[in-house]
K.L.:
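Quick one: structure below, then a few questions.
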Amino acid sequence: IIPFEQLINLATFSTASSPAPELIRDFAIIAHVDHGKTTLMDRLLAHCGHSSAQERFMDSNALEKERGITISSKYTSYLYGKYTLNAVDTPGHADFGGEVERILGMVDGAVLLVDANEGPLQQTKFVVEKALKAGIRPLVVLNKVDRQGATQERCGEVESNIFDLFAQMGATEEQLDFQVLYASAREGWATTSYPVNGKPEGASVAPLLDAIVQHVPPPAGDTAAPFAMLVAMVEHDAFLGPIATGRVAAGTARVGDHVRVLHHTGAPGEEGRLTKIWKRSGLGRLELNTAGAGDIVSVTGAGTARIADTVGSPDLEEALAPGVIEPPTLS
Ligand code: GDP
């Protein structure tokens, strides 16, 4: 049974458009496998009113109606107060080099989650290097602080390991001046200072959500510019054709708008017409009428768009003059 408030919430959201860029935070989550990424994401979603059981149910209902469309589970979106937080999962493996770069290209910040007992490991290092190169200032979260080994002393050691790692990788002064939070994803809390007396009274994950809002810069896109979306992922749907997902780099797109695909190879792209726009909402998805700069969305109707292509308004080529919109980088 879906609570009434939840239905209202979804109903209002479904006629929605993207929020203004200053109310959006796009960030990646970086962690070595087993350091607690899934557990933490679940806690953040739950805090923002998204419960997995309900939303999977909602989505499977909608899915039936719309013939089995699934949009990427590699990112999620949730409302925290007036802010829309778009969280993108980052693969930790070197085989996904190109994908990591594309993901880091559509975010302005990162949460670096490190098991306080184990410290930074191989997969963390690989992605951290790319994040630092992309100019991102990671927010560091030491997880599993509930465990006995994660003493204040140990956390201090791990923090200096992370500092050294950043320094070796050529981090700037600003990147070296990272904020640290202490968390137990399992128990569902995060704090900005080491919890010397164990689990803090009434603790929640709100301090981490607040830190994300404060620390991750809002996206820079101009909503009045011609529409351009850099395609980071493509899925195929038997009924609707390719579903392209990425961040709107600039402008605003409406369902029904004519678009053109600019292939990253330079090959001339076809024109299309946007048939649907969605974004994630918790573990489900929501249809949008318009998508604006800074938001991470999925679209259909841009026929031949492939990974690293740009989907944009037909007059985009002019706007692609150097310095106006960054051309997509090849992996
Ligand atoms: P992922 O691979 O990074 O997504 O990690 P998971 O979220 O699946 O967590 C890996 C394991 O660590 C699971 O058994 C979790 O229950 C456990 N775990 C995650 N967070 C914590 C934590 O804060 N404290 C403790 N003690 N265990 C945790």
Side-chain angles (χ1 to χ4, degrees), residues 27-48 50-53 55-56 72-78 85-96 99-100 103-104 107 109-131 136 138-159 161-162 165 178-212 233 280 282-283:
F27 64 99
I29 306 160
I30 304 171
H32 188 86
V33 63
D34 272 350
H35 281 195
K37 190 157 64 174
T38 313
T39 311
L40 184 71
M41 283 311 297
D42 251 31
R43 295 294 187 178
L44 297 182
L45 282 171
H47 189 89
C48 296
H50 300 275
S51 117
S52 14
E55 289 191 352
R56 290 211 173 101
S72 180
S73 58
K74 288 178 183 160
Y75 79 102
T76 186
S77 180
Y78 38 93
L85 307 185
N86 292 326
V88 191
D89 195 2
T90 322
H93 202 275
D95 289 355
F96 296 100
E99 188 177 346
V100 169
I103 287 167
L104 294 173
V107 297
V111 169
L112 170 60
L113 185 66
V114 177
D115 183 327
N117 306 272
E118 296 195 327
L121 296 180
Q122 207 45 52
Q123 291 171 14
T124 353
K125 292 180 190 168
F126 166 74
V127 187
V128 162
E129 184 173 14
K130 293 195 181 292
I136 287 170
L139 183 64
V140 173
V141 177
L142 300 189
N143 192 31
K144 308 199 187 184
V145 168
D146 58 283
R147 284 179 56 188
Q148 223 158 34
T151 57
Q152 188 163 19
E153 196 190 352
R154 175 62 190 151
C155 287
E157 266 169 38
V158 171
E159 278 169 53
N161 291 344
I162 294 171
L165 178 70
F178 52 83
Q179 190 187 336
V180 181
L181 283 97
Y182 306 86
S184 167
R186 180 178 278 176
E187 293 178 359
W189 54 263
T191 57
T192 51
S193 53
Y194 185 85
V196 271
N197 301 314
K199 180 180 176 174
E201 191 86 19
S204 76
V205 289
L208 175 54
L209 292 161
D210 291 336
I212 291 167
M233 313 164 206
R280 297 291 311 265
L283 299 153

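This chain uses plain numbering: 1 for the first residue, then up along the sequence. Just so you know, these numbers come straight off a predicted model, no measurement behind them. Indexing begins at 1, ligand by ligand and atom by atom, following the structure's order. All values below come from the heavy atoms of this structure, side chains included, with hydrogens, waters and symmetry mates left out.
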K.L.:
Please check whether G36 reaches ligand 1 - meaning an N/O of the residue sits under 3.5 Å from an N/O of the ligand, judged on distance alone.
P.N.:
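By distance alone, the answer is yes.
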K.L.:
How far is atom 19 (C) of ligand 1 from its nearest protein heavy atom, and which residue and atom name does that atom have?
P.N.:
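So the nearest neighbour among protein heavy atoms is T39 OG1, 3.6 Å.
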K.L.:
Between R43, H35, K144, R186, which one has a non-hydrogen atom sitting closest to atom 11 (C) of ligand 1?
P.N.:
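Checking each option, the heavy atom nearest atom 11 (C) of ligand 1 is found in K144.
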K.L.:
Tell me whether N161 contacts the main-chain N or O of P120 through its side chain, where contact means a donor paired with an acceptor under 3.5 Å.
P.N.:
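Side chain of N161 to backbone of P120, a donor-acceptor pair under 3.5 Å: no, none is there.
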K.L.:
Any idea which part of D146 is under 4.0 Å from ligand 1, heavy-atom wise: side chain, backbone, both or neither?
P.N.:
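It is the side chain that touches ligand 1; the backbone stays farther off.
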K.L.:
Under 4.0 Å from atom 13 (C) of ligand 1, can you find at least one protein heavy atom?
P.N.:
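Answer no: nothing from the protein, no heavy atom, is under 4.0 Å.
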K.L.:
Do any N or O atoms from the side chain of T192 and from the backbone of L181 form a donor-acceptor pair under 3.5 angstrom?
P.N.:
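Side chain of T192 to backbone of L181: no pair is present.
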K.L.:
Under 4.0 Å from ligand 1, counting heavy atoms only, is it the side chain of A31, its backbone, both or neither?
P.N.:
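None of A31 does.
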K.L.:
Who pairs with E118 by salt bridge (Lys or Arg N to Asp or Glu O under 4.0 Å), at least two apart in sequence or on another chain?
P.N.:
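Listed in chain order: nothing, the list is empty.
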K.L.:
For the NE2 atom of H50 and the OH atom of Y78, what is their distance to the nearest 0.5 Å?
P.N.:
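Reported to 0.5 Å precision, the distance equals 9.0 Å.
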K.L.:
Specify the protein heavy atom at minimum distance from atom 20 (N) of ligand 1: its residue, its atom name, and the distance to 0.1 Å.
P.N.:
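I find the closest protein heavy atom is N143 ND2, 3.3 Å.
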K.L.:
Does any N or O in the side chain of R280 come within less than 3.5 Å of the main-chain N or O of Y75, such that one atom is a donor and the other an acceptor?
P.N.:
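Yes; judged by distance alone, with no hydrogens or angles, the pair exists.
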K.L.:
If a pair satisfies salt bridge (Lys or Arg N to Asp or Glu O under 4.0 Å) and one of its residues is in residues 120-129, list it, with sequence neighbours excluded.
P.N.:
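Every pair satisfying salt bridge (Lys or Arg N to Asp or Glu O under 4.0 Å) with a residue in residues 120-129: E129-K133.
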K.L.:
Examine D34 against ligand 1 and note whether any of their N/O atoms are separated by less than 3.5 Å.
P.N.:
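By distance alone, the answer is yes.
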